[in-house]
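Just so we're clear, the structure is a prediction, and the values are computed from it rather than from any experiment.
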Amino acid sequence: MNEAERFSVLTMFQTLKAKTSRLLDPVVQSEGLTLLQACVLGHLYWQDAAVGDISELAVMDQANASSLCKKMEREGFLTRTRQEKDRRVVILSLTDKGRAAAERLQQQLNCFLELLNALPNDAKEELVRGYLAANQMLDYLFEQTKGE
């Protein structure tokens, strides 16, 4: 890999991150959330979850996931309840405010889904293949470097 190719990988990651933020930040910020917090709400909309589950979903360590959820609790989006069988496990549930925010976000995100669904099937399949390949590449790089 030459020098230009090395920097093109950085540019590729930055471009994807910047374009994702430019597209989605206005949507989630309309609810007073970050993109990560919106992902948590979206997950909890379908089922309650433990902080450890959110840690895996958000690809972050459990301490940071716990801090994120505590902040969301203070802001009224979710509740945190210790599991009776194992008091170390904290279960997260949406409040009415969190459920309403998740529903409004889903309505706004539906327009993106409609646009994607309007694409020809081969274009949709190519996008999915590209996502899966990029995800696999990132998992490989992370594993090889142990996230250093």
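Using a 4.5 Å heavy-atom threshold, the side chains of I91 and T79 count as separate. Between L94 and F77, the closest side-chain pair of non-hydrogen atoms is not below 4.5 Å. In this structure, L24 and L109 have side chains that are in contact, with non-hydrogen atoms separated by less than 4.5 Å. Using a 4.5 Å heavy-atom threshold, the side chains of C69 and I54 count as touching. The shortest distance between side-chain heavy atoms of T34 and D25 does not fall below 4.5 Å. Between M72 and V40, the closest side-chain pair of non-hydrogen atoms falls below 4.5 Å. Residues L105 and V28 have side chains in contact (heavy-atom distance under 4.5 Å, counting atoms from C-beta outward). Looking only at side-chain heavy atoms (C-beta outward), L68 and L36 come within less than 4.5 Å of each other.
Every pair passing salt bridge (charged side-chain N to carboxylate O under 4.0 Å, His left out) that includes a residue from residues 94-104 is listed here, sequence neighbours excluded: E31-R104. Applying the salt bridge (charged side-chain N to carboxylate O under 4.0 Å, His left out) rule to pairs touching residues 111-120 yields nothing, sequence neighbours excluded. Residue pairs meeting the salt bridge (charged side-chain N to carboxylate O under 4.0 Å, His left out) criterion with at least one member in residues 67-84, sequence neighbours excluded: K71-E75, E73-R80. Listed by first and then second residue, the salt bridge (charged side-chain N to carboxylate O under 4.0 Å, His left out) pairs that reach into residues 43-63 come to none, sequence neighbours excluded.
Remark: the backbone N or O of T11 is paired with a side-chain donor or acceptor of T15 at under 3.5 angstrom. With K124 contributing its side chain and L116 its backbone, the two residues share no donor-acceptor pair below 3.5 Å.
F13 meets the side-chain contact (heavy atoms from CB on, under 4.5 Å) test with V9, M137, L138; sequence neighbours excluded. Legend: residues meeting side-chain contact (heavy atoms from CB on, under 4.5 Å) with P120, ordered by chain and number and at least two apart, are D122, A123.
Heavy atoms from other residues, nucleotides or ligands lying under 6.0 Å from CD of Q108 number more than 12.
In this structure, L41 and A101 approach most closely via the heavy-atom pair CD1-CB, 4.0 Å.
A donor-acceptor pair shorter than 3.5 Å can be found between the side chains of Q106 and N110.
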